[in-house]
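Here the structure comes first, spelled out in structure tokens, and everything after it is commentary.
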Amino acid sequence: MTESGTADRTRIERYEPTAIEPRWQARWAELGLHRTDLHDDRRPKFYLLTMYPYPSGDIHIGHWYIKTPTDAIARFHRMHGENVFLPIGFDAFGLPAENAAISRGINPRAWQMANIENMRRQLRMMGATFDWEAEVVTADPEYYRWNQWFFLRFLEAGLAYRATSPVDWCPNDGTLAREQVEGVDRRCWRCGAKVEKRDLAQWYLKVTKYADELLDFSGLDWPEPVKTMQTNWIGRSEGAELVFTTAPDDHQPGNDEVRIFTTRPDTLFGATFMVLAPEHPLVEKLTRPDRRAEVEAYVAQARAETEIERLSTDREKTGVALGADAINPINGERIPIWIADYVLGGYGTGAIMAVPAHDERDFAFARRFELPILRVVAAPGASAVDAMTEAYLAHAADERLVNSGPYDGMPADEGGRAIVAKLAGDGRAKATVTYRLRDWLISRQRYWGTPIPVIYCDRDGIVPVPDEDLPVRLPDEVDYRGSGENPLTRDEGFLRVDCPRCGGTARRETDTMDTFIDSSWYWYRYLSPERSSGAVDPDMVARWTPVDQYTGGAEHAVMHLLYAREFTKMMRDCGIIEQSEPFRRLFNQGQILGADGERMSKSRGNVQDPDELVERHGADTVRLFLMFMGPWDQGGPWNPTGIGGVHRFLNRVWTVTLDPHGRPAGDPAEAVADVGAAGRELRIAAHRTLHAVSADYQGLRFNTMVAKLMELTNLLMRYRGTVVADTADWDEAVRLLLLMLAPSAPHIAEELWSRRLAAAGEPWRSIHAERWPEWDAALVAARTVELPIQVNGKLRDKVELPAGLSQAEIER
RNA sequence: GCCGAAGUGGCGGAACGGCAGACGCGGCGGACUUAAACUCCGCUGCCCGCAAGGGCGUCAGGGUUCGACUCCCUGCUUCGGCACCA
């Protein structure tokens, strides 16, 4: 390289990314650079997973933002001698395809497959090293049959069940899981329509069984916000279940048990009324005849309540008295029973004891309906009888029980325990734990999903489809005219089936599964996508999982990322795998918004098409620009202003590599006084850059990684065309620069590497098969430290001192 | 309301408790060019000053420290999540 430079300094080839990128992509495909031998156990494995895309049609720059740094991670780890597996697939079931099919009158499968074909092409343009051999497409019967198979295993294990209860219902998507209802005004996560309640028989997965286990994140390197969100979502709450009984009156005999959940058993003496959820099973029985009309009207209103604006939690409380009383188990006092929508049917026992003195909501309710408020907890010195203007919630260590009979004067905590202990004696109390987390409702009244493999027989009831009859295929030719109602419900060919037990005429379940089922295990399938004898290959799963690094958006913190953990635990409990957690390290990259700061969407017209950028600047520039924009977890509005700077940087890399001796007209080359010192400066800079860049790659800090490569390149530019460019130091710096650039800008690095090899007369070898270089620790360590001398916080002077001095020596 | 994250030049953003503003964009000036583009070089936080130099600066206010963008407290703003969870 060094001697050839002088010969041809005036006319080096220009950097033309579009000329070199397709060539190297083809070459890598030929070489199988991306392909992973999953059976190779001589090298440490690195399972790198990126959330598989939904094939919505076109890729936008947001896909690149997720995927190209992920490819850089893959290449970085390969250069460390690891056996990296970076698979890709498509999340092909789901509503958008079905809607598109309805509006265009084409089959969702055909539409989806065309989209996938297009996305494959666009993904390849990134120059990313996805292992396409491992691809899965969830709408493929050979994939979704295993969804059905899992469902049957869960059914056998008692982890799947059918129940009728009020469910969240979206007019477009049908039923939704609880996580899929968003916001105060309760809208569908996917289509934004308002969600209502409906009573329906639906299939559930018993994920609440894992509530406690899901709270344990030990051994997982996950972002704190995601762990916090999941923890809050699971909502563990310790307290006690207390049993009240109904008092007899003229209209009913009483003595029914009403179980309530409370976190404050210490306030039991302060319970001045009781509130049931409107849907509580005892409402009907307890309602006094003269209250019936009002109660029924309230229940009906509560049922429809999601259609009414629920603008804030501090809207005025509503409720109705049933006209019956309950008996407080601790003191035998009669208190009135009300129903109110602020008590939720699905949480705890659907009933509460109301202690207005010590609960904000109960306080507001008591004020509104003029119910008594009795203080039972007070700080020392506070009056036990004064009128309260707000609920007293404080939980100070020195507060004492008052108005609580024999428990007066006890510290609140201790009093609570004593009350529970007392009532526990005759079975009227027990310490319990309640969770916010609900079982996962997986039934969807949609066509484009995995059919739930059960059959309804008049004689045998619910009959699971036998394993050998899987998959239950989704018919391709269906009539999906109309309002979007599930066409399976009128597809006779699909519906009619013989009962596997009695052989009689039976009907198939027409609901399909939540598509989050598909995404709850796809990374296990990547390990054996063709396997027909089972959903997953247990040996491969044992060897390759948990996933070492997962990358994707944070928007699924309590959806996909929670479902995935739940599903893994269910698979484990069915003996399918041994793992308990799917993803060891998680990174949530930010989201690229449109230039207007809104989510990119075709309808807003703010979508940035990457093809266009690639055509103009090349894939390497686009990749690097996305990494350079800012911290990867940050995202932000799309602003391409700086992309030229990144392109110029790559141009300079091109120039210092191919034309070290050139000097552009107009650039006053300075004479280098001391070549040795300059070379040493270059060497130190190169090794320090390597040290820092390695750490940045490891920590996924790509923006500073690129900045450091720019700095090194700028330094090389300074010595370009001087005698320094003839030194071995220069040559080494360029070599390190290319190696460090290789994971992020793989095409230009490969091109320049090959030219260097050719110039040196060495046989070609891909830069991506090179080992990541090692830095010289002596060069990285600072020889001297500049110590600022400050007086009263102001900089007065600086001294250069050798590193590693003791404090006493410095002070001297 | 509760939980979480974040507030640094004109802009995107850097900074183990130790020279705030790396790197890039934009801007200004210059070289090259018949000219322009490209490329290259220099300057570019704000204020005062011809200059040397000085003052002020990391949302606001307190605190810890020889020293705070960084740690602690209080408040404000923005973004994300939750939504009466007893």
Side-chain angles (χ1 to χ4, degrees), chain A residues 14 179 181-186 223-233 235-237 239-240 260-264 267 271 275 277 310-315 317-318 340-344 346-355 358-362 364-365 434-438 554-555 557-558 588 590-591 597 624-625 628-631 633-637 639-646 648-649 651-652 655 662-670 701 703-714 717-718 720-721 785-798:
Chain A
R14 279 181 46 131
E179 300 72 32
V181 181
E182 296 180 333
V184 207
D185 51 351
R186 301 178 47 80
E224 283 306 323
V226 175
K227 290 196 277 185
T228 309
M229 276 163 74
Q230 292 203 352
T231 301
N232 292 343
W233 189 261
R236 182 189 157 95
S237 174
I260 63 100
F261 174 74
T262 180
T263 54
R264 296 289 306 273
T267 64
V275 186
R310 292 176 57 160
L311 280 178
S312 78
T313 52
D314 51 34
R315 71 176 176 149
K317 294 274 181 290
T318 59
D341 63 5
Y342 83 89
V343 173
L344 308 174
Y347 181 77
T349 60
I352 61 158
M353 64 174 192
V355 184
H358 306 290
D359 180 279
E360 277 178 316
R361 295 148 303 178
D362 298 345
F365 194 83
T434 302
Y435 302 90
R436 260 172 57 111
L437 183 72
R438 304 300 158 77
E555 64 274 17
V558 294
N588 294 126
Q591 194 175 33
L624 218 51
F625 176 61
F628 183 60
M629 271 171 47
D633 57 3
Q634 203 168 289
N639 176 5
T641 321
I643 198 165
V646 171
R648 277 192 282 281
F649 160 60
N651 253 316
R652 286 196 287 269
T655 304
R663 203 74 202 178
D667 178 7
E670 295 161 42
R701 293 181 298 268
N703 58 327
T704 50
M705 177 275 292
V706 176
K708 284 159 195 162
L709 294 184
M710 286 174 168
E711 275 184 272
L712 180 59
T713 306
N714 290 345
M717 280 300 277
R718 191 154 92 227
R720 174 170 174 252
V785 190
E786 243 182 68
L787 195 71
I789 309 290
Q790 291 178 349
V791 179
N792 294 332
K794 291 207 174 112
L795 183 73
R796 292 302 173 203
D797 202 357
K798 285 178 254 174

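Please read all numbers here as calculations on a predicted model, not as lab measurements.
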key: Where the chi angle of G4(B) falls, syn if within 90° of 0 and anti if not   = anti
inquiry  = Strictly below 4.0 Å: does Y342(A) bring a side-chain N or O up to OP1 or OP2 of A86(B)?
reply    = no
Could you go over nucleotides 22-27 of chain B and give all protein N or O partners under 3.5 Å, atom names and distances?
residue, atom, partner, partner atom, Å
A22(B), O2', E711(A), OE1, 3.3
A22(B), O2', E711(A), OE2, 3.4
G24(B), OP1, N714(A), ND2, 2.9
C25(B), OP1, R648(A), NE, 3.2
C25(B), OP1, R648(A), NH2, 2.8

query = With both distances kept under 3.5 Å, what pairs with C28(B), Watson-Crick or G-U wobble?
reply = G42(B)
key: Any strand: nucleotide that pairs with G67(B) via Watson-Crick or wobble, under 3.5 Å   = none
inquiry  = Once side-chain hydrogen bond (donor to acceptor under 3.5 Å, both in side chains) is applied, do any residues pair with N588(A), and if so which ones, sequence neighbours excluded?
reply    = none
request  = Quick one: look up who C50(B) pairs with, Watson-Crick or G-U, both distances under 3.5 Å, and put none if it's unpaired.
outcome  = none
request  = Using the C1' atom as the reference point in each nucleotide, state the distance between U8(B) and A60(B) in Å, no decimals.
outcome  = 15 Å
request  = Identify, residue by residue, the members of residues 225-232 of chain A with a heavy atom below 4.0 Å from RNA chain B, and return them in order of residue number, or none.
outcome  = P225(A), T228(A), M229(A), N232(A)
task = Please work out whether the ring planes of F365(A) and Y342(A) are parallel, tilted or perpendicular, with thresholds of 30° and 60°.
result = tilted
task = Could you measure between the two P atoms, the one in A86(B) and the one in C3(B), and give it in whole Å?
result = 14 Å
message = Salt bridge check, K708(A) against E711(A): does any charged N sit closer than 4.0 Å to a carboxylate O?
response = no
ask   = Which base, if any, makes a Watson-Crick or G-U wobble pair with U77(B), both distances under 3.5 Å?
value = A6(B)
request  = Write down the distance between CG (N651(A)) and P (C40(B)), rounded to a whole number of angstrom.
outcome  = 8 Å
ask   = Has Q634(A) got a side-chain N or O lying under 4.0 Å from the OP1 or OP2 atom of G13(B)?
value = yes
inquiry  = Starting the side chain at C-beta, find the nucleotide from C41(B), A86(B), A83(B) nearest to S237(A).
reply    = A86(B)
Enclosure of E360(A) CD (heavy-atom neighbours >12, cutoff 6.0 Å) = no
